Participant: 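Take this structure, written in structure tokens, and hold onto it; I'll ask about it next.
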Amino acid sequence: MPDLFSPFLINTKLIKNRLAVAPMTTQQSMPDGTISKAESDWLERLSEDGYGMVITCASSISDTATAFHNQLSIASDNMIAGLSELTTRMRNHGSVNILQLCHGGSRTIESLTGVKPCSASSYTLPSVTGFVPPLALSQEQIHSIVSDFADACVRASHAGFDGIELHGANGYLFTQFFSRMTNLRDDHYGGSLQNRSRFAREVVKACRHKVPKDFIIGFRMSFENMGMETGLDIDENIQIVNWLAEDGIDYIHTSHLNYAAMTNKYPDKTALRYLRDTITKSLPLVGVGGILNAADAEKAMEYGADIVAIGRAAIGNKNLPAYFKEGKVLPYHTPYSTDLLKESGISENFIDYLKNAPPLASLKIMKP
Ligand SMILES: Cc1cc2nc3c(=O)[nH]c(=O)nc-3n(C[C@H](O)[C@H](O)[C@H](O)COP(=O)(O)O)c2cc1C
């Protein structure tokens with residue numbers, strides 16, 4: 001098994017080690033989505049911390065795709081200048097930098113977008129209190145979202161990112177199309193797995209078509225319902241991954257809270273190992289979830305991850321890669337105290353988000 005601190009090639013970009021920062025929403029951009037000083041400082045800090053790859057928070061691909069207040073945006077050319085400054089700062093520290101692209105679908109916020117949330121279909125989620133059924137997208141609207149993704153991808157390349165990651169995990173628009181629970185369409189975007197994957201495949205192909213060959217296009221996916229009830233089993237997820245690989249993605253990033261999670265379908269197999277054994281052999285695999293020390297990271301690599309992404313532990317522990325390199329225990333663990341976060345330079349907005357982020361109870365931090 002390769003060393004955690006050995007380099008790894010994705011597309012033509014050499015990543016200096018196997019550690020990535022997982023994408024994390026921070027809600028600390030300006031209200032119009034322009035990058036703020038707080039967000040730039042945070043992302044530069046992560047590069048400086050020594051990760052080989054830094055993936056940004058989910059950024060909004062268009063003005064009607066926004067799913068969070070103060071979400072970073074790549075919806076217009078006006079965003080490029082600020083992001084270019086950011087990538088220059090990050091590149092100085094030697095990280096490969098990836099902008100995550102997102103459309104919230106049913107999770108977009110009407111007061112921010114000015115339009116009612118739209119999705120693959122109109123559906124209800126009885127388990128979610130106050131859920132407002134989205135409107136079904138017309139085919140014309142779908143085509144226009146495909147173009148929005150491709151335009152956002154071009155802007156990301158103009159802003160100096162090494163690549164983008166399409167946020168196909170955790171219940172956002174791509175998941176809403178994949179899921180047989182939320183995609184009830186009867187045209188060629190709904191029904192069979194092939195049809196439910198069509199939107200994502202069109203986005204990947206449109207992005208690939210518009211950017212230079214060496215620009216990284218990654219895809220993040222939830223496997224077996226993680227993030228949203230999808231009704232997909234892991235073999236269906238894998239089929240989608242393999243189609244996306246044919247269409248030109250450069251890596252697949254899982255979304256798990258535990259890197260050692262077993263699959264539901266084959267309870268004696270870890271999802272990572274099963275994925276590695278079944279996805280296109282040459283497709284790089286990024287694993288994630290509860291990685292807290294070098295042994296966890298190496299275990300994830302043993303299961304088949306080429307790169308391991310760190311989320312929560314990266315927030316409270318500056319210079320995390322050095323701790324892993326020296327085999328040292330991390331000084332801080334969740335729940336982080338507000339004081340620690342403030343001392344580490346984490347903004348009030350990000351702290352508020354961490355306090356309130358409901359889906360991940362273990363995120364809860366101590367209130368002062
Ligand atoms: C504060 C916070 C915000 C997150 N925002 C995103 C996001 O914008 N996009 C995404 O794909 N995942 C997001 N996630 C999930 C993380 O990328 C990661 O998969 C998860 O936290 C598990 O990794 P960890 O155990 O190392 O924290 C977020 C997680 C946290 C803690």
Side-chain angles (χ1 to χ4, degrees), residues 18-29 33 38-39 42-43 46 49 51 53-61 65-74 98-105 107 164-175 218-223 226-228 251-261 271-272 285-294 296-297 299-300 305 307-317 320-321 323-324 330 332-336 341 344 346-365:
R18 306 307 184 96
L19 293 171
V21 181
M24 281 185 283
T25 290
T26 55
Q27 294 199 298
Q28 61 185 0
S29 286
E39 181 70 359
W42 155 247
L43 289 167
L46 296 169
D49 279 353
Y51 297 90
M53 181 158 118
V54 177
I55 310 170
T56 70
C57 59
S59 68
S60 182
I61 54 144
T66 312
F68 299 96
H69 289 268
N70 296 83
Q71 183 177 4
L72 182 63
S73 166
I74 183 79
I98 306 288
L99 184 74
Q100 194 183 56
L101 302 187
C102 184
H103 190 302
R107 296 193 188 167
I164 51 125
E165 178 176 286
L166 296 165
H167 192 355
N170 306 352
Y172 298 97
L173 187 59
F174 286 114
T175 315
F219 197 93
R220 192 164 208 209
M221 190 183 284
S222 298
F223 291 83
M226 152 88 215
M228 189 180 206
Y251 72 83
I252 183 76
H253 186 175
T254 63
S255 180
H256 284 117
L257 287 179
N258 175 4
Y259 72 90
L272 267 183
L285 175 63
V286 182
V288 73
I291 290 167
L292 298 177
N293 50 51
D296 288 336
K299 195 79 194 161
I307 299 273
V308 290
I310 319 274
R312 290 163 289 181
I315 302 171
N317 294 284
L320 177 146
Y323 286 92
F324 280 22
L330 289 178
Y332 302 109
H333 291 277
T334 53
Y336 299 127
L341 294 172
S344 319
I346 305 292
S347 75
E348 293 286 343
N349 280 32
F350 192 7
I351 292 175
D352 280 349
Y353 181 55
L354 290 170
K355 278 182 192 160
N356 298 316
L360 304 170
S362 57
L363 269 183
K364 283 221 166 96
I365 58 171

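Here the structure is a predicted model, which means the values were calculated and not measured. Numbering of ligands and ligand atoms starts at 1, following listing order.
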Participant: Measure across L99 and L72 and return the closest heavy-atom pair with its distance rounded to 0.1 Å.
Facilitator: CD1-CD2, 4.0 Å
Participant: Counting heavy atoms only, which part of L354 comes closer than 4.0 Å to ligand 1: side chain, backbone, both or neither?
Facilitator: side chain
Participant: Given P23, A169, G290, identify the one with the heavy atom nearest to atom 14 (N) of ligand 1.
Facilitator: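 Selected option, by shortest heavy-atom distance: P23.
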Participant: Going by the order shown, which atoms of ligand 1 are within less than 4.0 Å of some heavy atom of G289?
Facilitator: 23 (O), 25 (O)
Participant: Do any nitrogen or oxygen atoms of V288 come within less than 3.5 Å of a nitrogen or oxygen of ligand 1?
Facilitator: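 So ligand 1 has no N or O lying under 3.5 Å from an N or O of V288.
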Participant: How about Q28 and S347: does a side-chain donor come under 3.5 Å of a side-chain acceptor?
Facilitator: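 The answer is yes; a qualifying pair exists.
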Participant: Take a 6.0 Å sphere around OH of Y323 and say whether it holds more than 12 heavy atoms from other residues, nucleotides or ligands.
Facilitator: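 Open: at most 12 neighbouring heavy atoms sit under 6.0 Å from OH of Y323.
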Participant: Out of E165, R312, Q27, R220, whose heavy atom is nearest to atom 15 (C) of ligand 1?
Facilitator: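 Closest candidate by heavy-atom distance is R220.
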Participant: Taking Q100's backbone N and O only, do any of them form a donor-acceptor pair with S59's side chain (distance below 3.5 Å, no angle check)?
Facilitator: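 Here the side-chain-to-backbone pair exists.
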Participant: In terms of relative ring orientation, are H167 and Y172 parallel, tilted or perpendicular, with 30° and 60° separating the classes?
Facilitator: tilted
Participant: I'd like to know if the side chain of S222 reaches the main chain of N170, judged simply by a donor and an acceptor atom lying under 3.5 Å from each other, with no hydrogens or angles considered.
Facilitator: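 Yes; judged by distance alone, with no hydrogens or angles, the pair exists.
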Participant: Identify, by atom number and element, the atoms of ligand 1 in contact range of H256, meaning under 4.0 Å from any of its heavy atoms.
Facilitator: 22 (C)
Participant: For ligand 1, which atoms, with element, lie under 4.0 Å from some heavy atom of G311?
Facilitator: 24 (P), 26 (O), 27 (O)
Participant: Could you tell me which atoms of ligand 1, counted from 1 in the order shown, lie closer than 4.0 angstrom to a heavy atom of Q100?
Facilitator: 7 (C), 8 (O), 9 (N), 10 (C), 11 (O)
Participant: Nearest heavy atom to atom 20 (C) of ligand 1 wins, so pick from L257, I310, V308.
Facilitator: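 That would be L257.
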Participant: Of the side chain and backbone of N170, name the one, both, or neither that has a heavy atom under 4.0 Å from an atom of ligand 1.
Facilitator: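 It is the side chain that touches ligand 1; the backbone stays farther off.
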Participant: Any chance you could measure I164, atom CD1, to I55, atom CD1, to the nearest 0.5 Å?
Facilitator: 11.5 Å
